[in-house]
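Encoded as structure tokens, the structure appears first; notes follow it.
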Amino acid sequence: MRSRLPDSRGAWFSPRLTWPSFTPGTESPYDAVWALLVVRPNRGHADAVKFQLRYCPALAQKPKPAKDAEGTSKKPKPDPFENPPADLLVAAIPNRSSPTHVLVLNKYPVIPNHFILATKTAKAQTDVLEEDDLEMTYACLQSWAEGTSPESPRRLFAFFNSGDHSGASQAHRHLQFLPFEDMAGQSDKEHWRLLLDSMNQALEGDEKSGFLSNLSLPFRHFALPIPPQPTSTSLHHLYLSLYCQAVDYVHRFRGVAPEPSQGDDPRSPPGAAISYNLAMTVDAMAICPRRSESTSLPLAATNNEIDINGTILGGTLMVKDEEQWDTLKQEHGILDEVLGQIGFPVNSNI
Ligand code: AMP
């Protein structure tokens with residue numbers, strides 16, 4: 001079956017998602033993961049949100065890049081997506097002769113089948129996404145779902161981290177994919193679902209604009225449904241309207257007027273005006289503006305920081321430290337505090 005998405009060149013395109021020989025070895029921590037469902041207090045809302053909590057002690061061994069006082073990475077690192085090795089390279093797309101993007105297996109997956117879409121040439125992670133980035137992303141989401149059946153469902157979740165406070169670690173532009181079935185793993189598939197799927201209500205003030213949210217979440221976010229068979233242009237418009245709304249919210253929250261070059265036309269400046277996470281499935285897209293990459297729990301542990309990236313919009317959170325794990329397991333309310341600190345507060349007057 002071919003993808004339904006006509007690409008910007010007017011052709012039909014469906015990437016072949018066949019894995020190369022790579023099997024994660026000792027470098028990958030995913031064997032050492034225990035997953036658990038955490039039920040958040042539902043703050044008076046009927047539809048309680050459930051987060052999946054993962055404990056991955058192996059990640060604590062991973063050195064963090066040095067950052068300066070502004071939180072900017074200090075020294076340039078090798079670019080893992082510039083020339084990916086054959087055992088990680090899934091495909092060059094949309095075709096081998098003139099690829100715009102490459103699909104690469106994550107060398108350090110915590111969740112099986114984690115893979116990455118990177119631009120063929122090194123574009124900036126902090127630039128506003130271009131139409132072909134979303135076109136390729138959607139083509140992968142759709143291609144993955146081919147062959148889905150009630151007995152063996154196949155759903156893919158995409159996310160993008162952009163900016164110093166988003167949880168991104170690589171400067172070369174890349175979006176990432178996780179199969180829902182691998183995220184769910186052994187956890188209770190009946191009760192856990194992608195957080196993005198639960199963003200289906202209008203916050204007061206958003207009724208006219210059509211932006212959707214999950215009203216029980218303590219961070220501001222904006223979601224929109226993706227209509228069936230979108231064009232790459234319509235996908236890009238959806239993204240830009242979410243992005244502009246998030247930029248506007250952050251500026252109003254901070255009480256600053258957007259700079260002229262960034263406020264009116266987000267396409268003219270390449271650099272994104274805010275840090276944010278983007279999440280996408282074939283059904284919906286969401287953006288969550290970020291104000292902090294990590295948050296710390298009030299614990300005695302030497303490493304009490306929790307780093308958060310776009311996987312949070314899938315409804316999964318990973319901790320590296322046993323004390324963090326125990327605390328979050330026992331006191332679910334702390335999760336609300338964590339989530340409230342990494343994003344912007346929900347304020348319908350802004
Ligand atoms: P982020 O931290 O959001 O910028 O995402 C970067 C992703 O690239 C992470 O999922 C890393 O595990 C993954 N990664 C890091 N180094 C490599 C590499 N050499 N090859 C493939 N994936 C990598």
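Counting convention: from 1, in listed order, for ligands and their atoms alike.
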I'd like to check which ligand 1 atoms, numbered from 1 as shown, lie under 4.0 Å from a non-hydrogen atom of [X].
| X | value |
| --- | --- |
| Asn161 | 3 (O) |
| Gly167 | 2 (O), 3 (O) |
| His114 | 10 (O) |
| Phe81 | 8 (O), 22 (N) |
| Ile116 | 7 (C), 8 (O), 13 (C), 22 (N) |

- Item | Asn106 contact mode with ligand 1 (heavy-atom cut-off under 4.0 Å) | both
- Note on the structure: Honestly, for Leu105 the part within reach of ligand 1 (heavy atoms, under 4.0 Å) is backbone
- Item | Shortest non-hydrogen contact between Leu242 and Met285, atoms and distance | CD1-O, 3.6 Å
- Is there a nitrogen or oxygen of Ser169 sitting under 3.5 Å from a nitrogen or oxygen of ligand 1? yes
- Set of side-chain contact (heavy atoms from CB on, under 4.5 Å) partners for Ala122, sequence neighbours left out: Asp79, His172
- Note on the structure: Gln176 meets the side-chain contact (heavy atoms from CB on, under 4.5 Å) criterion, sequence neighbours left out, with His114, Ile116, Phe159, Asn161, His174
- Query: Taking the minimum heavy-atom distance to atom 22 (N) of ligand 1, which of His174, Lys77, Lys107 ranks first?
  - Reply: Lys107
- Just wondering, do Met318 and Ile308 contact through their side chains at under 4.5 Å, heavy atoms? no
- Close side-chain approach of Tyr276 and Phe222, heavy atoms under 4.5 Å: no
- Check if Leu88 has a non-hydrogen atom at a distance under 4.0 Å from any atom of ligand 1. yes
- Query: Parallel, tilted or perpendicular: which describes the rings of Phe253 and Phe344, with under 30° parallel and over 60° perpendicular?
  - Reply: perpendicular
- Taking it one step at a time, do Thr281 and Phe180 satisfy side-chain contact (heavy atoms from CB on, under 4.5 Å)? CA-CA 10 Å; Thr281 61; Phe180 168 77; over 6 Å; no
